[in-house]
Amino acid sequence: MIRGMEVAVRCRQLRKTYDGGFEAVRGLDLEIRSGECFGLLGPNGAGKTTTIEILEGLLDPTSGEVEILGRHWGAQERELRELLGVTLQETRLTEKLTVRETLELFASFYRYPRPAHEVMEEIGLVEKADTWVGKLSGGQKQRLAVATALVAYPKILFLDEPTTGLDPQSRRQVWRDHALHG
């Protein structure tokens, strides 16, 4: 244990069993400290997305304990949602909004959001601010999905396959600029 490094994510004996008896997660113990960059690796069907969705509060575990920044889902949900930035594996955004409108919409979900322009600048979308989401390239849509996760000043950033669909240059930029922030 490193002194001064708060535990950001902890789960003990995490299990998720779906109807029909399929065990997606089987007794996972995990501890991630603040400032660490952590990745879940494994083959398709190994339970990576299920685990992330439980940690994000999107799915309830069948059993086990989940603690995020010293808080628990169910007891402190609103507070936890203010602390997390989330990019889902397949983020679907409204195609009839502009990039700026999309970020302002997501910002409206938080009490103390970052300004849309600041996030667009950080993620490299300033020149697309007034472009409809439906007119963006696949890589630009994926960068916008990551930007929506950054509007909340997140203490923890969950990225579920954030570079899927990105061209190699955009993929390198996302990992270089954002993989270690969080």
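Numbers for residues simply follow the sequence, beginning at 1. Worth saying up front: this structure is predicted, and the values here are computed from it rather than measured. Note that these values count all heavy atoms, side chains included, but never hydrogens, waters or copies made by symmetry.
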Revision key, fill the gap. Heavy-atom closest pair (D130 atom, R100 atom, distance to 0.1 Å) is OD1-NH2, 3.0 Å
Review point. Quick one: CG on L157 to SG on C37, what's the gap to the nearest 0.5 Å?
Key: 9.5 Å
Review point. Between CG of L28 and CD of Q13, what distance do you get to the nearest 0.5 Å?
Key: 9.0 Å
Review point. Any donor and acceptor pair, going by atom type alone, linking the side chain of R143 with main-chain N or O of L125 inside 3.5 Å?
Key: no
**Study point:** Residue pair I54 / D60, side-chain heavy-atom distance below 4.5 Å
**Key:** no
Exercise for review: Output the distance between atom CD (Q76) and atom CD1 (I68), rounded to the nearest 0.5 Å.
Suggested key: 11.5 Å
Practice item. Taking the side chain as every heavy atom from C-beta outward, state whether V66 and L55 have any atom pair closer than 4.5 Å. Key: yes
Revision key, fill the gap. For P154 and G85, the nearest pair of non-hydrogen atoms, with its separation, is CB-N, 3.3 Å
Check your understanding: Between L59 and Y18, is any pair of side-chain heavy atoms under 4.5 Å apart?
Key -> yes
Check your understanding: When clusters are formed by joining ILVMFWY residues with side-chain heavy atoms under 4.5 Å apart, either directly or through shared neighbours, do V99 and W132 land in the same one?
Key -> no
**Study point:** Euclidean distance, L80 CG relative to K155 NZ, rounded to 0.5 Å
**Key:** 13.0 Å
Check your understanding: Sub-3.5 Å donor-acceptor pair from the side chain of T87 to the main-chain atoms of A149, do we have one?
Key -> no
Revision key, fill the gap. All heavy atoms of S137 vs all of Q140, minimum pair found to be N-OE1, 2.9 Å
Check your understanding: Between R12 and E31, is there a salt bridge with N-O shorter than 4.0 Å?
Key -> yes
**Study point:** Straight-line distance of I52 CD1 to L58 CG, nearest 0.5 Å
**Key:** 10.5 Å
Exercise for review: Ignoring hydrogens and angles, tell me if any N or O in the side chain of E36 forms a donor-acceptor pair with the backbone of R33 under 3.5 Å.
Suggested key: yes
Exercise for review: Answer yes or no: is there a donor N or O on one side and an acceptor on the other, between the side chain of E77 and the main chain of W73, under 3.5 Å?
Suggested key: no
Practice item. Find out if a path of hydrophobic residues (ILVMFWY) with successive side-chain heavy-atom gaps under 4.5 Å connects L84 to Y153. Key: no
Point to revise | Non-hydrogen side-chain atoms of V9 and F38 separated by less than 4.5 Å | key: no
Check your understanding: How long is the gap from OG1 on T17 to CZ on R26, to the nearest 0.5 Å?
Key -> 8.5 Å
Practice item. Step through the shown structure and confirm whether more than 12 heavy atoms of other residues, nucleotides or ligands are within 6.0 Å of CZ on R92. Key: no
Exercise for review: Using a strict 4.0 Å threshold on nitrogen-to-oxygen distance, state whether E121 and R114 make a salt bridge.
Suggested key: no
Exercise for review: Applying side-chain contact (heavy atoms from CB on, under 4.5 Å), run through F109 and T148 and close with a yes or a no.
Suggested key: CA-CA 11 Å; F109 302 152; T148 64; over 6 Å; no
Point to revise | Pair E53 + K16, salt bridge at N-O below 4.0 Å | key: no
**Study point:** Any L144 side-chain heavy atom under 4.5 Å of I123 side chain
**Key:** no
Point to revise | Heavy-atom check, side chain of L30 versus side chain of L14, under 4.5 Å | key: no
Review point. I156 versus L83: any side-chain heavy-atom pair under 4.5 Å?
Key: no
Check your understanding: Are the side chain of K135 and the backbone N or O of E95 linked by a donor-acceptor pair below 3.5 Å?
Key -> no
